[in-house]
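Structure, as structure tokens:
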Protein chains: 2
Amino acid sequence: MPDCAHCPVRDHSLCAGMKAEDLVHVSERTDQLEAPAGQVLYFEGDAARFFFTIRRGVVRLVRSFPDGRRSVVGFLHAGDFFGGGFRRDVYDATVEAITPLEYCRIGITDLNELTEEFPELNRQLASMAADRLHAADDHIVLLSRKTAIEKVAAFLLASAEWTGKSSDFALPMARSDIADYLGLTIETVSRTMTRLIDHDIIELPTPQRVMIVDWPALKSLACPEAS
Amino acid sequence: MPDCAHCPVRDHSLCAGMKAEDLVHVSERTDQLEAPAGQVLYFEGDAARFFFTIRRGVVRLVRSFPDGRRSVVGFLHAGDFFGGGFRRDVYDATVEAITPLEYCRIGITDLNELTEEFPELNRQLASMAADRLHAADDHIVLLSRKTAIEKVAAFLLASAEWTGKSSDFALPMARSDIADYLGLTIETVSRTMTRLIDHDIIELPTPQRVMIVDWPALKSLACPEAS
DNA sequence: CGACAGATTGAGTAGGGTCAAAGAATGTGG
DNA sequence: CCACATTCTTTGACCCTACTCAATCTGTCG
């Protein structure tokens with residue numbers, strides 16, 4: 001049985017508001033699992049039977065067209081909670097591990113029973129839904145009204161925040177994931193990164209590692225002020 | 001005091017799951033209001049104190065940049081529920097009436113008290129959040145991976161569904177709203193409509209009224225198949 | 001009827017896409 | 001441990017879609 005009391009994301013996920021002594025009720029219904037990079041947790045359209053919490057690693061949420069076009073609707077990190085399909089009974093998007101993953105899984109019916117016993121879970125669920133909705137709106141603004149360089153700058157800043165605002169961090173996802181997230185092609189993502197390097201705003205020690213050299217410049221690109 | 005039992009959106013909104021005899025508890029905490037077209041219900045960033053339900057009319061949710069760029073993150077119709085800002089205490093977006101509006105308003109603290117008394121409201125809230133999230137993901141896919149004609153076709157189809165899949169319906173919003181929703185300019189929206197007319201797929205008796213002539217063609221444009 | 005906002009049309013341009021090739025990085029088997 | 005294969009990334013040349021700027025048209029309302 002998982003030891004939720006010592007979970008690394010104890011205070012940043014679903015059970016953040018729960019009393020320590022109640023946690024055991026969550027633990028006994030939760031499976032602790034691992035997955036290698038690349039593994040699919042579930043497919044868009046599958047019958048939705050589980051909720052998931054990431055303890056370590058990164059996943060991508062993907063929507064695909066019949067003709068092969070792909071859109072990454074989001075990246076999720078340690079502490080993030082996803083799955084379900086609340087009213088609808090199918091998953092909204094395909095979820096794939098980008099890095100090796102440690103995660104927890106709980107059945108939808110189990111979670112529903114838990115919310116009856118511990119109504120504070122509802123508050124947590126609602127606030128996570130609100131966060132996701134806010135993130136989705138940010139994404140919509142980014143996609144509809146930002147240029148390539150603004151998109152990439154905003155993405156790099158967000159990535160830095162996921163890793164604790166460090167100036168030197170990993171980009172675990174491939175360029176194709178970034179492109180499908182930003183609504184660009186991989187070529188444009190690559191060219192734009194190069195432009196940022198040429199302007200001495202970032203450095204790329206390896207393709208999967210970023211150093212932010214000029215924070216103010218990156219920020220003003222990501223959130224353009226009135227000219 | 002509002003008469004929730006005979007509300008036109010009684011079965012399509014927040015209180016859809018409630019028993020008739022409990023509705024009075026909602027009624028006595030709800031204000032029934034009206035607003036003319038163009039009125040702002042609240043601004044992005046305002047302290048969030050209310051939730052809203054539309055009984056009649058259409059609103060737009062707007063996010064703005066400091067430099068004037070604008071993004072319409074969604075349109076909401078009769079039965080839709082919005083406002084709040086669950087965990088955050090400010091509204092996520094500005095909400096403006098597009099048509100004359102009839103709506104209901106309930107205080108956040110009142111709603112919180114109601115959910116304690118009537119936990120089934122939580123289920124309704126969660127499912128509405130899930131619907132909004134699904135819609136946001138659809139919007140993300142549309143913005144990131146669709147061409148202008150696909151975007152406009154998808155928008156017209158969605159508009160037709162809001163009005164009961166009629167072939168002849170009103171477009172209450174201006175071209176600038178459509179443009180800011182689809183991530184295009186008004187000129188491109190206009191040109192694309194003209195293209196659809198030239199191909200005998202739609203007609204525009206007036207700029208604010210659409211007739212769909214060729215449903216299959218419109219559908220195949222909106223959801224492109226594998227070639 | 002005239003004025004104004006909103007919508008359409010036109011001409012020219014540029015940002016990002018497409019197609020193609022070369023260059024790293026990682027992994028595999030000998 | 002190295003050679004090779006594979007995949008991912010970067011760079012280059014060219015093109016097209018959608019944007020910009022500008023004029024005209026249409027519908028609405030005083």
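Just so we're on the same page: letters track the sequence lines, and every chain starts at 1.
The CZ atom of B:Arg209 sits 15 Å away from the P atom of C:dA7 (whole-angstrom rounding). For B:Glu187 and C:dT8, the CD to P distance is 11 Å, given to the nearest whole Å. Between the CD1 atom of A:Ile186 and the P atom of D:dT11 there is a distance of 14 Å, rounded to whole Å. With rounding to whole Å, B:Ile98 atom CD1 is found 15 Å from C:dG6 atom C1'. The CD1-P distance, from B:Ile197 to C:dA7, rounds to 13 Å in whole Å. What separates CZ of A:Arg175 from C1' of D:dT7 is a distance of 14 Å, to the nearest Å. C:dG6 atom C1' lies 14 Å from atom CG of B:Asp180, rounded to whole Å.
Under the rule for a side-chain hydrogen bond (donor to acceptor under 3.5 Å, both in side chains), the partners of A:Arg69 that lie at least two apart in sequence or sit in another chain are A:Asp67, B:Glu150. Residues meeting the side-chain hydrogen bond (donor to acceptor under 3.5 Å, both in side chains) test with A:His77, sequence neighbours left out: none. Under the side-chain hydrogen bond (donor to acceptor under 3.5 Å, both in side chains) criterion, B:Asp177 pairs with B:Arg60, B:Arg70, not counting sequence neighbours. Taking A:Arg191 as the reference, nothing meets the side-chain hydrogen bond (donor to acceptor under 3.5 Å, both in side chains) condition, with sequence neighbours excluded.
When the side-chain nitrogen and oxygen atoms of A:Thr194 are compared with OP1 and OP2 of D:dT11, one or more of them lie within a distance under 4.0 Å.
Proximity of the aromatic rings of A:Phe52 and A:Tyr42 is defined here by a centroid distance below 6.0 angstrom, and this criterion is met.
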Protein-nucleotides 22-27 of chain C N/O pairs under 3.5 Å:
none

Scan nucleotides 14-19 of chain D against the protein and return all N/O pairs shorter than 3.5 Å with their distances rounded to 0.1 Å.
| from | atom 1 | to | atom 2 | distance (Å) |
| --- | --- | --- | --- | --- |
| D:dA18 | OP1 | B:Ala148 | N | 2.7 |
| D:dC19 | OP2 | B:Thr185 | N | 3.4 |
| D:dC19 | OP2 | B:Thr185 | OG1 | 3.3 |
| D:dC19 | OP2 | B:Thr188 | OG1 | 2.4 |

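Residues B:Ala154 and B:Leu142 share a closest heavy-atom pair of CB-CD1, 3.9 Å. Minimum interatomic distance between B:Ala179 and B:Thr185 (heavy atoms only, all atoms of both residues): CB-C, 3.6 Å.
For the pair A:Tyr181 and A:Lys151, the minimum side-chain heavy-atom distance is 4.5 Å or more. With contacts defined as side-chain heavy-atom distances shorter than 4.5 Å, the pair B:Gln32/B:Arg55 qualifies.
Residue contacts shown for A:Leu204 are limited to sugar-phosphate atoms, with no base heavy atom under 4.0 Å away.
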